[in-house]
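Chain A is the first sequence line, chain B the second, and so forth, proteins listed ahead of strands; every chain is numbered from 1. Computation of the quantities below employed the complete heavy-atom set of this structure, encompassing side-chain atoms and omitting hydrogens, waters and symmetry-equivalent molecules.
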Protein chains: 2
Amino acid sequence: MSTRAVRKEEEENLLRRADDLCRQNNLRLTPIRERVYRELVQSGGPVGAYDLVDRLSSDKKRLAPVTIYRALDFLRDAGLVHRLATQNSYVVSHGQPDVNAMKIMFVDSKTGETIEVHSTEVAEAVRKAAEQAGFKSVSPFMEVEGELNRQS
Amino acid sequence: MSTRAVRKEEEENLLRRADDLCRQNNLRLTPIRERVYRELVQSGGPVGAYDLVDRLSSDKKRLAPVTIYRALDFLRDAGLVHRLATQNSYVVSHGQPDVNAMKIMFVDSKTGETIEVHSTEVAEAVRKAAEQAGFKSVSPFMEVEGELNRQS
DNA sequence: TTATTTTTGATACAAAGTAGCAAAACGAAA
DNA sequence: TTTCGTTTTGCTACTTTGTATCAAAAATAA
């Protein structure tokens with residue numbers, strides 16, 4: 001099986017799982033919301049909101065930015081998508097939600113490429129630091145910039 | 001000694017250290033740069049760029065945003081200031097630069113209040129996670145949202 | 001001093017995100 | 001299935017955040 005086909009399959013997995021998650025939580029994965037999610041999945045990386053506007057607009061119909069932002073808000077609330085604040089962009093969240101793990105989104109400083117890693121060890125260490133700081137709870141998501149090993 | 005006086009003293013410490021650091025690294029802490037830094041120090045928390053524009057502008061002379069951004073870029077490069085991407089704001093970096101520690105800026109989701117904590121434990125755990133992700137190096141700074149214990 | 005680099009000022013612009021309100025679609029209840 | 005309330009979408013305009021460009025001024029080096 002080609003890597004192309006594998007990727008296609010992975011895309012469908014994500015879509016199906018998103019669908020299930022929404023069904024189970026009584027959330028409505030409406031057409032635009034699904035289109036936005038699908039576009040993010042297919043892109044394979046972070047995409048800017050206005051880029052999504054362009055990609056999901058046709059010649060006949062130009063979507064308003066607010067439409068995309070609303071879809072993104074929904075997807076973020078559902079935990080399906082992360083916002084990369086340092087990049088002003090949005091990216092699909094991978095991996096099953098493990099409550100005890102920290103979701104770390106590593107962002108390559110050069111290319112903007114991202115890789116998501118879940119770590120309970122980091123979660124534990126951050127919780128400890130948070131306690132020191134007088135924080136009672138912390139977001140299970142964080143973003144770290146760094147340099148990806150280039151395998152050219 | 002009043003807490004007010006203590007704070008004033010701390011401010012002067014920071015200013016002096018910034019001055020030293022720049023001198024030692026052949027960086028020019030020019031008047032606007034120092035004014036921006038001082039304003040951030042005095043505010044005691046994160047401040048937006050356009051807020052700085054307002055605060056540092058007089059009736060006679062209105063600073064251009066780009067002037068502030070340039071000063072902020074300088075201060076960030078020097079490691080004196082952090083940008084809080086999730087808040088679109090800028091905050092003074094505290095603590096002596098410990099190369100092995102992760103600088104974690106905890107941001108209160110409600111108020112935007114920040115507390116900086118340095119942790120070698122987090123740094124170590126993140127490094128390990130980064131290796132898994134195929135990253136060879138990571139930024140020594142990160143931002144985590146959470147909820148501060150309210151001691152009303 | 002003169003030449004070179006760095007910093008600042010000024011104008012305009014680009015990019016990212018939001019407010020507010022009306023129309024449409026949906027879902028539940030009668 | 002019609003009515004009613006809620007959620008979602010469309011539309012227009014707007015706010016906030018951040019940059020590009022190029023000339024003037026200031027600092028540094030030769």
Notebook entry, point to check: Hydrophobic cluster mates of Ile32(A), side-chain heavy atoms under 4.5 angstrom, ILVMFWY only, any path?
Noted result: none
Margin query: Side-chain heavy atoms under 4.5 Å apart, restricted to Ile/Leu/Val/Met/Phe/Trp/Tyr: what other residues fall into the cluster of Val99(B), or is it alone?
Written below: none
Next item on the list: For Asp98(A), check salt bridge (charged side-chain N to carboxylate O under 4.0 Å, His left out) against everything at least two apart and list the hits.
Entry: none
Notebook entry, point to check: What is the bend of the helix from dT1(C)-dA30(D) to dA30(C)-dT1(D) when you compare the axis at one end with the axis at the other, using five pairs each and rounding to 10°?
Noted result: 40°
Check: For DNA chain D, which residues in residues 31-43 of chain A have a heavy atom at a distance below 4.0 Å?
Finding: Ile32(A), Arg33(A)
Next item on the list: Summarise protein proximity over nucleotides 18-30 of chain D in one line of letters, 5' to 3': B for base, S for sugar-phosphate only, - for none, counting protein heavy atoms closer than 4.0 Å.
Entry: BB-------SS--
Check: residues 124-133 of chain A side-chain donor-acceptor pairs under 3.5 Å, at least two apart:
from: Glu124(A); atom 1: OE1; to: Arg127(A); atom 2: NH2; distance (Å): 3.3
from: Lys128(A); atom 1: NZ; to: Glu121(B); atom 2: OE2; distance (Å): 3.2

Next item on the list: Please name all residues satisfying side-chain hydrogen bond (donor to acceptor under 3.5 Å, both in side chains) with Asn13(B), sequence neighbours left out, ordered by chain then number.
Entry: Arg16(B)
Item checked: Sequence neighbours excluded, every pair satisfying salt bridge (charged side-chain N to carboxylate O under 4.0 Å, His left out) that has a member inside residues 22-31 of chain B -> Asp19(B)-Arg23(B)
Item checked: Any residue meeting side-chain contact (heavy atoms from CB on, under 4.5 Å) with Asn149(A), in chain and number order, not counting sequence neighbours -> Lys136(B)
Notebook entry, point to check: Got a sec, which residues hit side-chain contact (heavy atoms from CB on, under 4.5 Å) with Glu113(A), two or more places apart in sequence or on another chain?
Noted result: Asp108(A), Thr111(A), Leu148(A), Arg150(A)
Between side-chain atoms of residues 62-79 of chain B and protein atoms elsewhere (two or more places apart, or another chain), which donor-acceptor pairs fall under 3.5 Å?
from: Arg62(B); atom 1: NH1; to: Asp54(B); atom 2: OD1; distance (Å): 3.3
from: Arg62(B); atom 1: NH2; to: Asp54(B); atom 2: OD1; distance (Å): 2.9
from: Thr67(B); atom 1: OG1; to: Ala64(B); atom 2: O; distance (Å): 3.4

